[in-house]
Amino acid sequence: MNCQTNEKGFSLIELLIVVAIIGIIAAIAVPNLLASRRAANEASAISGVRTLSSAEAAYRQTVGAGISFGSISQLVANNMIDASIASATSPDSPKSGYVYSITLPSDNASFVVGSAPINAQVGGRRFSSDMPGVIYQDTADVTTVPTAVSGTPLN
């Protein structure tokens with residue numbers, strides 16, 4: 001009796017080559033994916049700083065009688081910002097990996113909005129803004145939220 005087997009499929013060498021190709025593609029794609037995620041997190045932080053700075057200007061003109069600015073809780077109470085930014089004030093509840101703060105002097109006559117990543121993998125820059133609304137970027141002490149504007153203005 002003649003037993004002919006007609007085996008079809010991939011050999012072990014062919015499977016190893018496919019796995020190696022997938023590994024090479026993953027090694028190329030993962031760093032690009034991480035860089036894209038960092039850029040998206042930083043763009044979200046810039047937007048958050050811009051939102052808080054604009055909300056401060058609106059608060060000053062409406063509630064602050066043209067002379068005083070408000071804290072994050074006052075901005076929320078007057079519906080100037082939403083809860084996602086308002087709750088992102090500690091590393092336990094960041095928004096896109098960034099935390100935010102507003103620094104007010106005792107007379108509330110000025111403000112500084114600051115934003116910093118919770119760690120260096122989330123973002124490589126921290127951002128700040130003040131009364132004119134110019135947003136500054138800084139790479140020094142990245143994970144500390146700035147309480148004064150520092151760095152260079154964004155273009």
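Bear in mind the structure is a predicted one, so any value in this text is a computation, not a measurement.
When only modelled atom types and interatomic distance are considered, Ser44 and Asn41 share no side-chain donor-acceptor pair under 3.5 Å.
Transitive grouping of hydrophobic side chains (ILVMFWY, heavy atoms separated by less than 4.5 Å) keeps Val49 and Tyr136 in distinct clusters. Neither Leu34 nor Val122 shares a network with the other; the hydrophobic side chains, linked directly or stepwise wherever heavy atoms of I, L, V, M, F, W or Y lie under 4.5 Å apart, form separate groups for each. Under the 4.5 Å side-chain contact rule for hydrophobic residues, Leu16 and Ile24 do not share a cluster. Residues Phe69 and Val112 fall into different hydrophobic clusters, defined by Ile, Leu, Val, Met, Phe, Trp and Tyr side chains chained together at heavy-atom separations under 4.5 Å. Side-chain heavy atoms closer than 4.5 Å link hydrophobic residues (I, L, V, M, F, W, Y) into clusters, and following such links, possibly through other members, connects Val145 to Phe127.
Atom-to-atom distance recorded for Ile17:CD1 and Ile22:CD1 is 12.5 Å, nearest 0.5 angstrom. Rounding to the nearest 0.5 angstrom, the gap separating the CD1 atom in Ile67 from the CG atom in Asn108 is 9.5 Å. Once rounded to the nearest 0.5 Å, the distance linking CD of Glu42 with OG of Ser115 reads 10.0 Å.
Checked by atom type and distance alone, the side chain of Glu56 never pairs as donor or acceptor with a backbone atom of Met131 at under 3.5 Å. Side-chain atoms of Ser93 come within 3.5 Å of backbone N or O of Ser87 as a donor-acceptor pair. Judged purely by atom type and a 3.5 angstrom limit, Gln74 uses its side chain to pair as donor or acceptor with the backbone of Ser71. The main-chain N or O of Gln137 is never found under 3.5 Å from a side-chain atom of Arg126 such that the two would form a donor-acceptor pair. Judged purely by atom type and a 3.5 angstrom limit, Ser129 uses its side chain to pair as donor or acceptor with the backbone of Val134. Proximity of a side-chain donor or acceptor of Glu14 to a complementary backbone N or O of Ser11 within less than 3.5 Å is detected.
In terms of heavy-atom proximity, Ser101 sits nearest to Ile72 at CA-CD1, 4.2 Å. Of all heavy-atom pairs between Ser53 and Phe111, the closest is OG-CZ, 3.8 Å. Closest approach of Pro105 to Ser110, counting heavy atoms only: CD-O, 3.1 Å. Closest approach of Ser128 and Ala148 over heavy atoms only: OG-O, 4.1 Å. Tyr98 and Arg125 get closest at one heavy-atom pair: OH-O, 2.8 Å. Nearest heavy-atom pair across Tyr100 and Ala45 is OH-CA, 3.3 Å.
Partners of Thr62 under the side-chain contact (heavy atoms from CB on, under 4.5 Å) rule, at least two apart in sequence or in another chain, are Met80. Legend: residues meeting salt bridge (charged side-chain N to carboxylate O under 4.0 Å, His left out) with Arg38, ordered by chain and number and at least two apart, are absent.
Counting only heavy atoms from C-beta outward, the side chains of Ile135 and Ile46 approach each other to under 4.5 Å. Taking 4.5 Å as the limit, some side-chain heavy atom of Leu52 sits within range of a side-chain heavy atom of Ile85. Looking only at side-chain heavy atoms (C-beta outward), Ile102 and Leu75 come within less than 4.5 Å of each other.
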